[in-house]
Amino acid sequence: MIDGTAGVSGHREADESLLDDPDALAERDPGGMLRHTASAGAQVRESAALAAEANLSVLADEGRPRAVVIAGIGTAGRTGDVLATVAGPRCPVPVIPHRSAGVPGWVGAADVVIAVSASGRSPEALGAAEAAHRRGARLVAVGAPDSQLQSVAERARAPFIPVPRRAPARASLWALTVPVLLAARTLGLVKVNEADLAETAARLDADADRCRPTAESFVNPAKSLALGLAGSIPIVWGSSPLATVAARRFGDTLSANARYPVVTGALGEAGRGRVGLLDGVFGGLAEGERDIFADPDETGGDGTRLRLVLLRDGGLNAEDDTDEPLAVEERRAEAVQTLAERRGVRCDVVAAEGGSAIERLASLVAVPDFASIYLAMAHGLDPMAVPAITEMKELSNQ
C-alpha cells in the first residue's frame with residue numbers, strides 16, 4: 001500500500017474482482033468520473049445547442065481565412081488535433097493546433113484564432129485570445145461561462161460558446177470539441193451536419209451503456225481492456241490520422257486517470273522505428289527468457305511486459321483518402337499484429353464504426369476513456385484526484 005504525504009494512495013497490483021463490484025467501484029470514484037464520462041453523448045447535444053445560440057455567422061462575413069489556429073492545452077489542445085484530422089488533407093486552409101501562450105508570430109487580420117479552455121482561465125487560451133484581439137484576427141472563444149475567457153471575448157466583440165463546468169477538463173472532450181467543429185463549419189472548412197452530431201451522440205450513449213459499472217467484465221469491453229492492460233506498459237498506435245488522434249487521447253487518459261506510462265503515435269511512423277519496441281526488454285526478449293515451468297507465485301510473475309493496443313480506422317471512402325491508399329493502412333495493421341504475435345506481445349484491437357469522421361472518432365475514444373478509469377480503480381486510485389497535478393500547479397504558481 002502506498003500512502004504518502006501528497007495524498008497518494010493505492011496498490012501496485014490490480015484487483016480484478018473489484019471491477020465486478022459496483023458498490024466498490026462507486027466508493028473508489030467519489031468524484032464521479034464514470035458518470036462524467038458517460039455524459040459524452042449529452043455533451044455533444046448540449047454543446048451543439050449552445051453553439052447554435054452563439055453568433056458564429058459573423059465569422060463568415062470576412063470570407064475564408066488564411067489559416068485557423070486552435071489555442072489550448074491538455075484536452076482543449078486535443079480539439080485542434082480533432083479539427084485538423086476531420087478537416088483532412090483537402091482542407092483549403094491550414095489548421096494549426098497551438099499549445100503555447102500567445103499565438104504564432106505570423107497571425108494577423110487574415111486569420112482566425114479559436115481559444116479553448118474548459119475552465120476559461122488557462123494562460124494558453126487567455127494569451128491567445130488577447131493576442132488575437134490585439135492583432136485584429138477573428139476570434140472565437142470556447143470555455144466556462146462567466147470566466148476570464150468570456151471577458152476577453154466580450155471586449156473583442158467575438159463569439160463566445162459557453163461550456164458548462166460540470167466535469168474536469170479531461171472528461172469534457174466532446175463539450176469542447178463540438179463548438180470548435182461548428183465554428184470551422186461556419187468557415188467552410190469541415191462538413192459536419194446535424195445528422196452526424198446526432199449519430200455521434202447516439203453512439204456515445206450506446207458505448208456508455210456497454211461500459212456501465214454494472215456490466216460484468218466478460219461483457220464490458222472497457223473492463224476487459226483495462227484488465228488486459230493491468231501491470232503492462234501500454235503501446236497505443238492508430239492506423240490512420242483519425243485513429244492516431246484517438247490513440248493520443250488514450251495516452252492522455254491512461255496517464256492522468258490510471259497513472260500509467262504509455263507510448264502513443266501513428267502506426268505508419270512507428271513502422272520506421274518504434275516498432276522495434278516489440279523486440280526489446282519488455283517485448284520479445286522478455287518472452288524469450290521466460291521460464292515456462294517457473295511458479296509465477298514464487299518468481300513474481302513474468303515481469304512487466306508490453307501490451308499493444310491497435311486502433312484501426314479502415315477509412316470511409318478510399319477514393320477520398322489522399323494520404324495513402326486504404327489497402328496500405330490495412331496491410332500495415334495486419335503486419336504489426338503478426339509481429340506482436342510472433343514475439344508474444346498481446347494485442348487488443350479497437351475498430352472504428354460509423355458513417356462520418358466524427359462518429360468514427362467517437363467509436364475509437366469511448367471504450368478507451370472508460371478503460372482508463374476502470375484501470376485506475378482496479379489499482380485503488382481515485383481517477384478524479386491526481387495529487388501530482390495539484391502539486392505541480394502550486395509549485396509552478398509560486
Side-chain angles (χ1 to χ4, degrees), residues 47 50-51 54-145 147-163 169 172-173 175-192 241 244-245 248-249 252 396:
S47 294
L50 292 169
N55 188 22
L56 291 176
S57 60
V58 299
L59 289 174
D61 292 345
E62 297 178 39
R64 180 179 293 169
R66 178 180 60 177
V68 176
V69 174
I70 304 90
I73 196 74
T75 302
R78 286 281 170 237
T79 66
D81 299 331
V82 174
L83 174 56
T85 305
V86 173
R90 293 187 178 181
C91 183
V93 305
V95 175
I96 303 168
H98 184 71
R99 292 177 168 84
S100 302
V103 293
W106 49 261
V107 169
D111 306 303
V112 170
V113 173
I114 305 177
V116 187
S117 169
S119 66
R121 59 176 184 268
S122 80
E124 293 79 11
L126 288 171
E130 291 166 350
H133 180 39
R134 288 195 307 269
R135 298 186 191 189
R138 281 175 276 176
L139 171 66
V140 182
V142 180
S147 63
Q148 293 169 271
L149 187 57
Q150 182 172 5
S151 298
V152 175
E154 289 173 350
R155 289 201 306 272
R157 297 183 179 179
F160 176 79
I161 304 171
V163 177
S172 303
L173 175 66
L176 297 171
T177 296
V178 170
V180 171
L181 291 173
L182 294 180
R185 182 181 71 176
T186 303
L187 294 166
L189 307 186
V190 294
K191 296 179 180 178
V192 177
T244 299
V245 172
R248 293 193 169 117
R249 162 68 178 178
D252 294 341
S396 299

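None of these values were measured; they are calculated from a predicted model.
- Annotation for Ala125 and Ala115: closest pair O-CB, 3.6 Å, computed over non-hydrogen atoms.
- Every residue two or more places apart in sequence or in another chain that forms a salt bridge (Lys or Arg N to Asp or Glu O under 4.0 Å) with Arg185 is listed here: Glu194.
- Nearest heavy-atom pair across Leu187 and Leu59 is CD2-O, 3.6 Å.
- The salt bridge (Lys or Arg N to Asp or Glu O under 4.0 Å) pairs that include a residue from residues 119-132 number zero, where partners must be two or more places apart or lie in different chains.
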Side chains of residues 101-113: which donor-acceptor partners sit under 3.5 Å, not counting sequence neighbours?
| from | atom 1 | to | atom 2 | distance (Å) |
| --- | --- | --- | --- | --- |
| Asp111 | OD1 | Arg66 | NE | 2.9 |
| Asp111 | OD1 | Ala67 | N | 3.3 |
| Asp111 | OD2 | Arg66 | NH2 | 2.6 |
| Asp111 | OD2 | Gly108 | N | 2.8 |

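- Under the rule for a side-chain contact (heavy atoms from CB on, under 4.5 Å), the partners of Ala141 that lie at least two apart in sequence or sit in another chain are Leu149, Ala153, Phe160.
- By the side-chain hydrogen bond (donor to acceptor under 3.5 Å, both in side chains) test, Thr85 pairs with no residue at all, sequence neighbours left out.
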What do the steps show when you test Val86 against Leu181 for side chain to side chain contact (heavy atoms under 4.5 Å, CB included), and what is the final call?
CA-CA 9 Å; Val86 173; Leu181 291 173; 4.3 Å; yes

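- Shown here are the side-chain contact (heavy atoms from CB on, under 4.5 Å) partners of Thr75, two or more places apart in sequence or in another chain: Arg170, Leu173, Leu176, Arg249.
- For Asp81, the salt bridge (Lys or Arg N to Asp or Glu O under 4.0 Å) criterion is met by Arg78, Arg99, not counting sequence neighbours.
- Qualifying side-chain contact (heavy atoms from CB on, under 4.5 Å) partners for Asn55, counting only residues two or more places apart in sequence or in other chains: Ser57, Val58.
- Taking the side-chain contact (heavy atoms from CB on, under 4.5 Å) definition, one finds that Ala51 meets it with Leu56, Ile161, Leu182, sequence neighbours left out.
- Taking CG of Leu83 as the start and CD1 of Ile96 as the end, the distance is 11.0 Å to the nearest 0.5 Å.
- Screening residues 134-145 for side-chain hydrogen bond (donor to acceptor under 3.5 Å, both in side chains), with sequence neighbours left out, gives no hits.
- Residues Ala128 and Ala71 come closest through the heavy atom pair CB-CB, 3.3 Å.
- Listed by first and then second residue, the side-chain hydrogen bond (donor to acceptor under 3.5 Å, both in side chains) pairs involving residues 151-160 are Gln150-Glu154 (not counting sequence neighbours).
- The shortest heavy-atom contact between Thr79 and Ala76 is OG1-O, 2.6 Å.
- Annotation for Ser47 and Val178: closest pair CB-CB, 3.9 Å, computed over non-hydrogen atoms.
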